[in-house]
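In what follows, every chain begins at residue 1, and chains take the letters A, B, ... in the order their sequences are listed. Values in this document were obtained by computation on a predicted structure and should not be read as measured data.
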Amino acid sequence: MATKDLLSPLPGTFYRKSSPDASPYKNEGDSVKKGDVIGLIEVMKSFHEVHADTDGTITAFHADNEDAVMAGQPLATLSI
Amino acid sequence: MTRQIKTLFIANRGEIAVRIIRAARELGLKTVQAHSLADADSLAVRLADEAVNIGPPSAAKSYLNVEAVVTAAVASGADAVHPGYGFLAENARFAEAVEAAGLVFVGPTPQQIRMMGDKVSALDAAIRAGVPTVPGSKGRVETPVAAGIVVDRIGFPVMIKASAGGGGRGIRVATSREEFDRLMPQASAEALAAFGDGGLYIEKFIASSRHVEVQVLGDGHDVVHFYERECSLQRRRQKVWEEAPAAMLPADVRAKLCQSAVDLAKAVNYRGVGTIEYLYDDTTRDFYFLEMNTRIQVEHPVTEMITGFDLVREMIRVSMGEKLRMKQSDIAIRGHAIECRINAEDPTKNFMPAPGLIESLVVPGGAGVRFDSLLYQGYTVPPFYDSLLGKLIVWDEDRTAAITRMARALGELKIGGVKTTRGLHRALASDPDVQAARFDTQFLERWLEKHSEGLGE
């Protein structure tokens, strides 16, 4: 089965949920459609959604909620 | 009572931290720069006498962490804390914690911060001091019936604002009774969720207004003003281009405006630098109190350029208990000053933030030019904080000459490696409406819809 890494489009702070009290957008094992929101990147006080770029199933997250991430860093791996 | 301080702890970052270090050094003070893990190689850290790590990159865990900041300040041996702007600068609990630890807070008293931080109590203070305010509820409206009585009196359109709100959040405009009745419950629920307080107040919506603000300085007894600034060029309620003085303000209105700011600051025995913000309607020549900011502001240099005083130095002096060193009659306007905020944003891509490595840097110079920034060549601008890289400030004999000088200085400024808003400012400096000072607070948003091209480097 092929896998694909979902890369951070921007440097900043990664959030897996829309607010501190919300449940995560997606969990490991969830299936996603292309365009689904899997998290947010906060860069310079503005928030940008991170979208799945393909259909698949999330096998692993590589960044935790509130982790600092670099542009191009893998955020999650999808099996496709 | 005066209290000489020896070491100043700087609880902020970026260009304002650099600005504070410079003022402190001129006063003979040692500086200790607080920094997050992401700011260990910042210009402020390099310039300060000492630096101390206060936590991880996330501002919530470093610059906004009251306990971490106060603990670090005490441990550093500092005897005063400068909060800069943003972060904890207008947090009364922080000011209290600093004072409780036996350190001087470079700013107003916690009570003054608290009074001016709440929109309704600030409005009450303004009304008591005789400062004109926008027609409205003059305080919280507790019931739909009370709200209805207010809108019947002032007429539509009206703004519904959150009592505990700020930065333009929680504001709604209603143009009819039907819309008003629909928006009120939404606004209350949103205010409760966002601020933990569902309190609302209502104001007449003034369709076209300019943003003017008066700089004051108090020593706890006396207050002087340093005239006004105009900051009408805003995008998403963030100031972009600021000037001093306000070009379109008639002299008699200027005198009344500045006196009203002094009256308000005196009424609360204000200590420190503060800014009283107003809406100005240049068709009726009416001005209305908006809010008071109890800290140094980003755009303070334009005031320094036209008056010749160093506001950051003076705010440190009054925090030590010194009396004001100048009388009102010592303060005069000379010439005109403009500040352009140079942000790490791409104006060709809807102002997308653009942190990254500063590969090269050419700083403009020459007569009447000042560049307050956090930049040096080889620095990597982190993505965790706001996008302000620096402020290009010019002074000249009059407004026309200042715009010409700003265009010249913008032409010299070269920041390689990241996208910046330099191109936006070059376009604004050559725009006929900007040159004629024909703008209001909505101008820039409308202008950007028509001028999306040609704003790149």
Side-chain angles (χ1 to χ4, degrees), chain A residues 4-28 30 32-55 58 60-78, chain B residues 13-15 36-40 55-65 85-87 166-169 190 192-196 235-238 298 341-347 349-357 374 380-390 417-421:
Chain A
K4 186 172 183 201
D5 282 343
L6 180 59
L7 307 181
S8 180
L10 293 161
T13 305
F14 179 57
Y15 295 95
R16 286 188 51 191
K17 42 198 189 179
S18 61
S19 69
D21 303 325
S23 48
Y25 288 105
K26 295 291 175 187
N27 290 298
E28 289 175 0
D30 285 356
V32 295
K33 295 272 182 214
K34 183 177 177 179
D36 280 1
V37 176
I38 70 117
L40 298 173
I41 300 283
E42 180 187 6
V43 51
M44 294 181 148
K45 293 171 144 184
S46 70
F47 289 84
H48 302 266
E49 292 180 340
V50 180
H51 301 274
D53 51 4
T54 179
D55 294 357
I58 296 174
F61 273 98
H62 305 298
D64 285 334
N65 193 52
E66 298 187 22
D67 271 4
V69 297
M70 304 297 290
Q73 178 179 331
L75 298 174
T77 299
L78 274 61
Chain B
R13 64 174 306 283
E15 67 85 23
S36 73
L37 193 60
D39 278 338
S58 162
K61 294 171 185 166
S62 52
Y63 299 106
L64 287 168
N65 183 336
Y85 53 65
F87 296 124
R169 291 199 301 161
E190 188 184 275
L192 185 64
F195 311 115
R235 179 178 170 273
R236 297 188 176 173
R237 298 182 190 273
Q238 297 295 309
V298 176
R341 295 196 191 190
I342 308 297
N343 293 342
E345 294 169 5
D346 185 350
K349 291 192 177 131
N350 199 28
F351 295 85
M352 178 70 131
L357 174 66
L374 53 69
T380 299
V381 179
F384 308 108
Y385 313 105
D386 76 40
S387 59
L388 183 66
L389 295 175
V418 299
K419 301 287 186 192
T420 78
T421 51

So [Y] and [X], do their side chains get closer than 4.5 Å, heavy atoms only?
X: A/V43; Y: B/P355; value: yes
X: A/E66; Y: B/K61; value: yes
X: A/M44; Y: B/N343; value: no

Which pair of non-hydrogen atoms, one from A/G12 and one from B/F384, has the smallest distance, and what is that distance?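 Result for this residue pair: O-CE2, 3.8 Å.
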
With only heavy atoms counted, which part of [X] is less than 4.5 Å from chain A, the side chain, the backbone, both or neither?
X: B/P382; answer: backbone
X: B/A344; answer: both
X: B/S387; answer: both

How long is the gap from OG on A/S46 to CD on B/E345, to the nearest 0.5 Å?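 Between A/S46 OG and B/E345 CD, I get 8.0 Å after rounding to 0.5 Å.
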
Please say which of A/H48, A/K45, A/E42 ends up in a side-chain contact (heavy atoms from CB on, under 4.5 Å) with B/P353.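 Filter result, single survivor: A/H48.
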
Which bit of A/L10 is near chain B, if near means a heavy-atom gap under 4.5 Å: side chain, backbone, both or neither?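 For A/L10, side-chain heavy atoms alone lie under 4.5 Å from chain B.
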
Should we count NZ of B/K419 as having more than 12 external heavy atoms under 6.0 Å?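 Open.
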
